[in-house]
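Before any comments, here is the structure.
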Number of protein chains: 2
Amino acid sequence: MMEKSRKTTLSEVAVAANVSPITVSRALRSPEKVSAEARERITRAIADLGYVPDPAARALASGRTDVVGVLIPSVSNNVFSDVLHGIYDGIADSTLSVQLGTTGYSPLAEERLIRVFLSQRPSGLIVAGHEQSPAARRLLAEANCPVVQIMEIGPQPIDLAVGLSHFDGARAATAHLLDRGYRAPAFLGAQMDPRSQRRLAGFREGIRLAGRDGPDRVVTTPEPSSVSLGCRLLADLLARHPEADAVLCNNDDLALGVLFEAMRRNLPVPDRLGICGFNDLEMMAAAQPPLSSIATDRHGMGRMAVHLIRQRHGGTGPARGHALDLGFALRARESTAGRRG
Amino acid sequence: MMEKSRKTTLSEVAVAANVSPITVSRALRSPEKVSAEARERITRAIADLGYVPDPAARALASGRTDVVGVLIPSVSNNVFSDVLHGIYDGIADSTLSVQLGTTGYSPLAEERLIRVFLSQRPSGLIVAGHEQSPAARRLLAEANCPVVQIMEIGPQPIDLAVGLSHFDGARAATAHLLDRGYRAPAFLGAQMDPRSQRRLAGFREGIRLAGRDGPDRVVTTPEPSSVSLGCRLLADLLARHPEADAVLCNNDDLALGVLFEAMRRNLPVPDRLGICGFNDLEMMAAAQPPLSSIATDRHGMGRMAVHLIRQRHGGTGPARGHALDLGFALRARESTAGRRG
DNA sequence: ATCGTGCATGACAGCGCTGTCATCCGTCAA
DNA sequence: TTGACGGATGACAGCGCTGTCATGCACGAT
């Protein structure tokens, strides 16, 4: 049953290269500590034998792994897959590898995964958001590896944070809508996770700052976001607030759905209805009319998170408690060109 | 520098539970071999001490890991993130974990990653596609763990395969377009990976079977797929083949771009231009007009791949060489309702 | 000639766990 | 009562690698 497919070991390489095992180990970990000739022989022996180090043995012996743990709510969400992409780009030229865990937006699952990840003594941990359970926060605070919270920047990072202010982004978008002459902007939200909550708060703040005292035009649902949900949310909104003349959507999927629903209802965009999304996925600019959105640098967040971890290992980089704001950019396109008439 | 954040070990649990270490190990691996009382004490001790097993030590001692290696070209592609989602759902109720590697469509990177993954003695390997380099194929064939090729079913799987025939899917879509009265269907393709090539071949076969001898209306590009690329490809197509009255798109992103570009050009869909995508992402049904597509069960592929690996470990499941066809479904929607007039 | 210094290398032990075999004990058939 | 048997538990060694020290050597300073 347990057929041993003979793995070449470090010792076998050592024999072939006529050095001791420890020298082979050094040639791999810190080549500069090994003489050029020895290194040469070892390199050849490794190639000849097709040797690949055993990460488990290395981890056990050294007490550390080259693994970066990544905790995100879900992989089937454009936002997180962009972040993940950035993370992979960040580790590309290193020996690091990624251990991905998905929490499904459950704090309990998150806590469990943190425990599992920490048991592997990772090189670093990247977690999405700032809403860890108290126990999870404690675990992370006591972890002896860099911990980077991504997606948003909060008041006090556990260790490091990279993200943006979703509140500010939504407020800017709201100001933009008002600026363009929309008089009754609404907010549509799905999957109301903490970041969505913050966007909603930013929307309300934007309305408040403009001195509008009208009704609170907000339609949200805990359902996961999707394009078809965008269609339904617009229908809901118009049923409840027929006067709404612009929507700030929690994310771009909803915005696309809103666009399609508006087309079905012959509501001219942007003349009768302004539409603004959040994240600025690639499709937004290609839509007809092109859809406005708040651009966020998701790829950069992932890459930067890895960068911070690597800096920390190099002894440089920002100190504990540093939050890096990657900001956002308002991409004003035709879908929010303003009311006509 | 190297502060030892004291990890509780299995031996400490053993002391606390007043049993030998090996019994604790057994209580974790195969609880039925341990008496109820001992199990009870051990469980409590584990909880009290917050013990988490060290996977590296376990891997080293047992010669295996509970890791499933997953090799996909890219994470920032809806198709693969759906598959990944399925994989995570597949392992949800097990002790398995996922090790993800992205090849960026490079056979060399793939080969390297296969080597790295195999060095961890994984419980299984899931690789996208059938186009491994000869060396990679050999590695996989000799791996002593189940290997599942996903995305498509080919002539001879290395071990197991789960997927669908992209050729048949595209042929069915082409037949559908012709069926609905479109006389000059074209094919638009981006990121012409092997699966896209197969779809193109299926398109041509569909045309051939219908006895059309017209020009080969095909526009492809090696660029990665995107919505805006769909816009550009339609522009290209119309410049070269103004008579084209329907497009089969390599994937749904392109189809969406085509729809937007058609709107910009005031080409009525489906009257003047039929549009069909591939994969049937959620947005297709929500579009206006709703877009036809070939539905593929990407989530199911991931789940099934894991299922096969778990079956194999249980000693059941299909034998080496089995290819599981998950099929496809033509979702005919308004975007291919046919020419008018 | 003597010593210290720095570099390249090696010996040794052990990381935390599990495979293998051995041991122990209670139970039941003869 | 005896022996066989099976279930529960334990002792031992070792997985492949690296941390820690120790060693050997060539070199220049004294």
Side-chain angles (χ1 to χ4, degrees), chain A residues 1-42 45-46 49-67 95 116 118-121 123, chain B residues 1-42 45-46 49-67 95 116 118-121 123:
Chain A
M1 189 169 185
M2 261 259 32
E3 69 254 339
K4 292 256 155 216
S5 81
R6 282 305 299 132
K7 271 198 52 161
T8 18
T9 68
L10 187 144
S11 315
E12 292 166 350
V13 174
V15 170
N18 198 29
V19 293
S20 75
I22 191 67
T23 304
V24 178
S25 172
R26 267 194 287 259
L28 291 167
R29 304 303 279 162
S30 27
E32 75 283 0
K33 290 188 183 165
V34 174
S35 68
E37 310 94 79
R39 219 181 318 164
E40 162 69 14
R41 268 175 295 143
I42 291 169
I46 287 176
L49 300 173
Y51 168 72
V52 182
D54 182 330
R58 175 174 287 178
L60 187 57
S62 71
R64 15 173 264 93
T65 57
D66 280 349
V67 169
T95 57
V116 170
L118 285 179
S119 78
Q120 323 200 14
R121 312 192 207 79
S123 285
Chain B
M1 190 170 180
M2 223 9 292
E3 70 254 339
K4 293 255 157 217
S5 81
R6 283 303 301 132
K7 271 197 50 157
T8 13
T9 68
L10 187 144
S11 316
E12 292 166 350
V13 174
V15 170
N18 197 30
V19 292
S20 75
I22 192 66
T23 304
V24 178
S25 172
R26 267 195 286 259
L28 291 168
R29 304 303 280 164
S30 27
E32 76 282 1
K33 291 188 184 166
V34 174
S35 69
E37 309 94 80
R39 219 182 319 164
E40 162 68 14
R41 267 175 296 144
I42 291 170
I46 287 175
L49 300 172
Y51 167 72
V52 182
D54 182 330
R58 173 174 288 179
L60 186 57
S62 70
R64 15 173 262 93
T65 57
D66 279 348
V67 169
T95 58
V116 170
L118 285 179
S119 79
Q120 321 200 14
R121 314 191 206 80
S123 286

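Computed over heavy atoms, backbone and side chain alike; hydrogens, waters and symmetry mates excluded.
In plain terms, the two heavy atoms of B:Leu49 and B:Glu12 that are nearest each other are CD1-O, 3.9 Å. Heavy-atom minimum distance, B:Tyr51 versus B:Thr8: CD1-O, 3.2 Å. When all heavy atoms are compared, the tightest approach of B:Thr23 to B:Val34 is O-CG2, 4.0 Å. Nearest approach of A:Arg41 to A:Val19, heavy atoms of both residues: NH1-CG1, 3.9 Å. Closest heavy-atom contact between B:Pro55 and B:Pro53: CD-O, 3.2 Å.
For the pair B:Leu10 CG and C:dT18 C1', the computed distance is 9 Å after rounding to whole Å. When the P atom of C:dT18 is taken as reference, atom CG of A:Leu60 falls 12 Å away, rounded to whole Å. Atom CZ of A:Arg121 is separated from atom P of D:dC17 by 17 Å (rounded to the nearest Å). Nucleotide C:dA8 holds its C1' atom 11 Å from the NZ atom of A:Lys33, rounded to whole Å. Rounded to a whole Å, the OH atom of A:Tyr51 is 7 Å from the C1' atom of D:dG16. Rounded to an integer number of Å, the gap from B:Leu49 CG to C:dG16 C1' is 15 Å. Distance, B:Ile42 CD1 to D:dT9 P: 8 Å, rounded to whole Å. The CD1 atom of B:Ile22 sits 16 Å away from the P atom of C:dG16 (whole-angstrom rounding).
Closest approach to the B:Val34 side chain among D:dC17, D:dT9, D:dG14 is made by D:dT9 (side chain taken as heavy atoms from C-beta onward). Of the candidates D:dG10, D:dC17, C:dG10, D:dG10 carries the atom nearest the B:Arg26 side chain, counting heavy atoms from C-beta on. Nearest to the side chain of B:Thr23, among C:dT18, D:dT18, D:dG10, sits D:dG10. In this structure, the nucleotide among C:dT9, C:dT18, D:dC17 sitting nearest to the side chain of B:Ala61 is C:dT18.
Residue A:Pro21 is classed as having no contact, given no heavy-atom separation below 4.0 Å to the nucleic acid. At a threshold of 4.0 angstrom between heavy atoms, the contacts of B:Ala38 are confined to the sugar-phosphate backbone, with no base atom among them. No contact: A:Ala56 has no heavy atom under 4.0 Å from any strand.
OP1 or OP2 of D:dG10 has at least one side-chain nitrogen or oxygen of B:Ser20 nearer than 4.0 Å. A close approach under 4.0 Å does occur between a side-chain nitrogen or oxygen of A:Ser35 and OP1 or OP2 of C:dT9. Within the 4.0 Å cut-off from OP1 or OP2 of C:dT18, at least one side-chain nitrogen or oxygen of B:Ser25 is found. One finds no side-chain N or O of B:Thr9 lying less than 4.0 angstrom from the OP1 or OP2 phosphate oxygen of C:dG16.
Contact annotation: the side chain of A:Arg58 never approaches that of A:Asp54 to less than 4.5 Å [non-hydrogen atoms, C-beta and beyond].
Applying the 3.5 Å distance criterion, the base of D:dG19 shares no donor-acceptor pair with the side chain of A:Arg64.
If A:Val52 and B:Arg41 are placed on DNA chain D by their nearest nucleotide, the residue sitting closer to the 5' end is B:Arg41.
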